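Note sheet for the following structure.
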Amino acid sequence: MRRCCHGMIILLALLVSACAVKVIPQATATARINPADNSLSESRDGITITARLDELSVAPYRLVDNITSFYIVVDNGTTLPIEMPVEYFVLRDADGRQYRTITPERVREIVSKDTVYLIPYPYVGYYYLEDHMKVSQFDTFSSSLPFYAEYHPQDIFTRALPQTPVMAGAKIAGVIYFIADLERTSAVQLLVFDNPDAQGEPRYLLPFAIAK
């Protein structure tokens, strides 16, 4: 029995390793990399947008409707309040596919579809909270560890980017969600527009390479 369990643990580790890809921020003439957390920042007219792959990525067990999440910081260095709705954010991959943000409610709905396929709760808590913390990196997306959000759905909402005006001299931070599989492409760009229709040129462009 112990040998069987040991073998299963090794197999799980191999599967996790095989599924992992690295999301690497790419500096531009105006965007800079923050080595401390492997994020990327760009400033325009006193407003700075910082983004990195979310370290608590959410994905259904069977890789259907794969969800990618980014952690965003909006720093308002101006003297006026600003708004930064999630509709301003668009993800575009190297093949030209574009993805619009989805709401936390939609994330919860998608994850809930696979409840019957998930490992029972006592094991989920151990594997995700302990094992994942040992191997998690800021630039690693692992679609094989979706379980935490399923049993703690409130985190999908409490960690989401607040949809409130950002006061002058203040900042907000939180997660935005896309239905996108990063393993299907070699690079992505996080685009931030100044209108919810994503018309015209993006105000911010944050590129990331995908290493497999």
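From a predicted model like this one, the values you see are computed outputs, not experimental measurements. Along the sequence shown, the residues carry numbers beginning at 1.
- Taking 4.5 Å as the limit, every side-chain heavy atom of T103 sits out of range of all side-chain heavy atoms of V86.
- A31 and L206 make their closest contact through CB-CD2, 4.2 Å (heavy atoms, listed as atom of the first residue, atom of the second, distance).
- L161 approaches M84 most closely through the heavy-atom pair CD2-O, 4.2 Å.
- Heavy-atom minimum distance, I24 versus A211: CD1-CB, 3.8 Å.
- Atom CD1 of I179 is separated from atom CG of D181 by 12.0 Å, given to the nearest 0.5 angstrom.
- Contact between A94 and S186 at its shortest, heavy atoms only, is CB-OG, 3.5 Å.
- Contacts of Y204 classified as ring-ring contact (aromatic ring centres under 6.0 Å, His included), with partners at least two apart in sequence or in another chain: none.
- Within a 6.0 Å radius of CD in Q163, more than 12 heavy atoms belonging to other residues, nucleotides or ligands are found.
- Judged as a salt bridge (charged side-chain N to carboxylate O under 4.0 Å, His left out), and not counting sequence neighbours, D197 has no contacts.
- With salt bridges taken as basic N to acidic carboxylate O contacts below 4.0 Å, one links R106 and E109.
- Without hydrogens or angle criteria, Y177 side chain to A160 main chain gives no donor-acceptor distance under 3.5 Å.
- Closest approach of I49 to F89, counting heavy atoms only: CG2-CE2, 4.3 Å.
- T78 is linked by a side chain to side chain donor-acceptor pair (under 3.5 Å) to N76, counting only residues two or more places apart in sequence or in another chain.
- Remark: I102 CD1 to R108 CZ distance equals 13.5 Å, nearest 0.5 Å.
- Taking the side chain as every heavy atom from C-beta outward, E183 and N66 never approach each other to under 4.5 Å.
- Counting heavy atoms from C-beta on, the side chains of I210 and V23 come closer than 4.5 Å.
- Under the side chain to side chain donor-acceptor pair (under 3.5 Å) criterion, T48 pairs with S43, not counting sequence neighbours.
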Worksheet item: Given the rule in the side-chain contact (heavy atoms from CB on, under 4.5 Å) test, do F178 and T101 qualify, once you have shown the distances and angles that lead to the verdict?
Response: CA-CA 5 Å; F178 300 91; T101 54; 3.5 Å; yes
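- A 4.5 Å side-chain heavy-atom check between Y88 and R203 finds every atom pair outside the cut-off.
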Item to complete: With side-chain contact (heavy atoms from CB on, under 4.5 Å) as the test, would you mind laying out the steps for T68 and V188 before giving the verdict?
Response: CA-CA 11 Å; T68 294; V188 292; over 6 Å; no
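- Smallest separation of non-hydrogen atoms from S69 and L53: O-CD1, 3.7 Å.
- Grouped by direct or indirect side-chain proximity (heavy atoms under 4.5 Å, Ile/Leu/Val/Met/Phe/Trp/Tyr only), M167 sits alone.
- The shortest side-chain heavy-atom distance between R52 and N34 does not fall under the 4.5 Å cut-off.
- Remark: R97 pairs with D93, D95, Y99, R184, T185 by the side chain to side chain contact (heavy atoms under 4.5 Å, CB included) rule, at least two apart or across chains.
- E201 is linked by a side chain to side chain contact (heavy atoms under 4.5 Å, CB included) to nothing, counting only residues two or more places apart in sequence or in another chain.
- For P165, the side chain to side chain contact (heavy atoms under 4.5 Å, CB included) partners two or more places apart in sequence, or in a different chain, are E83.
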Discussion item. Let's go through V107 and I67 carefully: what are the C-alpha distance in whole Å and the side-chain angles of both, what is the deciding distance for side-chain contact (heavy atoms from CB on, under 4.5 Å) to 0.1 Å, and is it a yes or a no?
Written reply: CA-CA 8 Å; V107 175; I67 300 170; 3.9 Å; yes
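- L190 CG to I176 CD1: the interatomic distance, rounded to the nearest 0.5 Å, is 5.0 Å.
- Applying the side chain to side chain donor-acceptor pair (under 3.5 Å) rule to T50 yields the partners S41; only residues at least two apart in sequence or on another chain are considered.
- Residues passing the side chain to side chain contact (heavy atoms under 4.5 Å, CB included) test with A198 are V90, R100, F193, sequence neighbours excluded.
- Between the side chains of Q98 and R92, no donor-acceptor pair is found at a separation under 3.5 Å.
- In terms of the side chain to side chain donor-acceptor pair (under 3.5 Å) criterion, residue partners of E42 (sequence neighbours excluded) are, by chain and number, T30, R44.
- Remark: F208 pairs with F70 by the ring-ring contact (aromatic ring centres under 6.0 Å, His included) rule, at least two apart or across chains.
- How far CG of L40 is from CG of L205: 9.0 Å, rounded to the nearest 0.5 Å.
- At a threshold of 4.5 Å between non-hydrogen side-chain atoms, the residues I172 and V73 do not count as touching.
- Residue T28 holds its OG1 atom at 9.5 Å from CD1 of I33, rounded to the nearest 0.5 Å.
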